[in-house]
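Both ligands and their constituent atoms are indexed starting at 1 by order of listing. The first residue in the sequence is number 1, and the count goes up from there.
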Amino acid sequence: MFSGVQPTGVLHLGSYVGALRQWVARQDERDNVFCVVDLHALTIPEAVDPQQLKERVRSTAAQFLAAGVDPEKSVIFVQSHVREHSELAWLLSCATPLGWLYRMTQFKSKSEGRESVGTGLLVYPVLQAADILLYDTDLVPVGEDQVQHIELTRDVAVRFNNLFGDTFVLPKAEVPEVGARLMGLDDPTVKMSKSIAVERPGHAIQLLDDPDTVRKVVMAAVTDSGRELRFEHASPGVRNLMTIAHVASGRPIAAIEAELEGGGYGTLKKLTVEAVNEMLAPLQRRYREYMDDRAGLDAVLARGAERAREIAGPTLRRAQAAMGVG
Ligand code: AMP
Ligand code: TRP
């Protein structure tokens, strides 16, 4: 199992539910590799602040650990520490038709309206394919927005295997049953996203939000003017809150529906606030412990990079040999 998250600052509840929570839930089942993808954070160079990026990489890694990723069970490392990622990305880019990359919806939305678009933004999914293929990955747990990139990875692997002989394992995306797409609290018609969260404080719950902020954001969340509290029939805003309450408390949706019977949206919001704050308190405590122990965190990441290289090195050499280089 392989997955990655960009070091763009504090993670929000969407990334937690779509990615981190799944990683932790599955980490006993197989060999896992989890990566802070800092090279992917360079694709809009105007927005890169080098000093801040380094700090965000550490903070993101600390959030992985705080969420329960266990370095004894899983390899956790920083993408730029393992140069095999960049090297394989070049080999793969030579086997990737340009048209496949222009079709990616994330490229379309991120390049839209920009005066200058870096090549990195276009080849971003090829680097992502390298991340995944280096570890002979079967499963890639991600939120729904990444499924297209995982399918592209599979297509690139198939094409490479056809051109140069059997080299790569074909991976599959794994999307959570509930919460693959948490929506904005201030606008349940759009996905909860980092870029909107920066501009609109009521949009997302961040993993490091204090209890009072969580309460304000949830209490102000958009619902509707009715009273429908059955998940199936509820409006998008209400469904989103029920999903959050379910994920944060670990209780089935049916149990939440039962508890809300006779109540209104105010009751749902209170229950959601409590569940989220209860979930975040221990996570935030662990986060501070990891951030305070700089040497300890660096050691975990150094060991992770070493173990990652042990797996990635042979795969890169296999791909080089298939292409006649190296
Ligand atoms: P990012 O933080 O954008 O690097 O995304 C990290 C992971 O979180 C990816 O697997 C995304 O698919 C997932 N993710 C991001 N936003 C959401 C969301 N609103 N709902 C569910 N999953 C999400
Ligand atoms: N592109 C992913 C995102 O924006 C992050 C990512 C990079 C990733 N490499 C990966 C996710 C490999 C899964 C597997 O969320």
Contact with ligand 1 for D145, non-hydrogen, under 4.0 angstrom: yes

Ligand 1 contact by H12, heavy-atom criterion under 4.0 angstrom: yes

Heavy-atom check, side chain of K194 versus side chain of Q6, under 4.5 Å: yes

Short side-chain to backbone donor-acceptor contact, Q206 and G9, under 3.5 Å: no

Check: H149 N/O within less than 3.5 Å of ligand 2 N/O: no

Distance-only side-chain donor-acceptor flag, D210 / T213, under 3.5 Å: yes

Numbered atoms of ligand 2 (with element) below 4.0 Å of I132, judged on heavy atoms: 12 (C), 14 (C)

Winner among F2, Y124, F34 once heavy atoms are compared against atom 1 (N) of ligand 2: Y124

Distance from atom 15 (O) of ligand 2 to nearest protein heavy atom, with residue and atom: Q146 NE2, 3.4 Å

Candidates F64, W23, Y135 - the one meeting ring pair (Phe, Tyr, Trp, His ring centres under 6.0 Å) with F34: W23

Proximity of D145 to ligand 2 by residue part, where a heavy atom lies under 4.0 Å: neither

R181: numbered ligand 1 atoms lying under 4.0 Å from its heavy atoms: 20 (N), 21 (C)

Nearest heavy atoms of L53 and A41, plus distance in Å: CD1-CB, 4.0 Å

Contacting atoms of ligand 1, where contact means under 4.0 angstrom from a heavy atom of A19: 7 (C), 8 (O), 10 (O)

For Q6, atoms of ligand 2 separated by under 4.0 Å from a heavy atom: 4 (O)

Side chain, backbone, both or neither: the part of L127 lying under 4.0 Å from ligand 2 by heavy atom: neither

E306/R303 ion pair, N-O < 4.0 Å: yes

G143, A180, S193: member with heavy atom nearest to atom 10 (O) of ligand 1: G143

Polar atom proximity, S3 to ligand 2 (N or O, under 3.5 Å): no

Ligand 2 atoms in contact with V140 (distance to a heavy atom under 4.0 Å): 13 (C), 14 (C)

Contacts of R56 that satisfy salt bridge (charged side-chain N to carboxylate O under 4.0 Å, His left out) - sequence neighbours left out: none

Numbered atoms and elements of ligand 1 in range of M192, under 4.0 angstrom, heavy atoms: 16 (N), 18 (C), 19 (N)

Numbering as shown, the atoms of ligand 1 that approach Q6 to under 4.0 Å (heavy-atom distance): 4 (O)

Q79-D131 side chain donor-acceptor pair, cut-off 3.5 Å: yes

Short N or O distance, D131 and ligand 2, threshold 3.5 Å exclusive: yes

Least distance between heavy atoms, M291 atom then E55 atom: CE-OE2, 3.9 Å

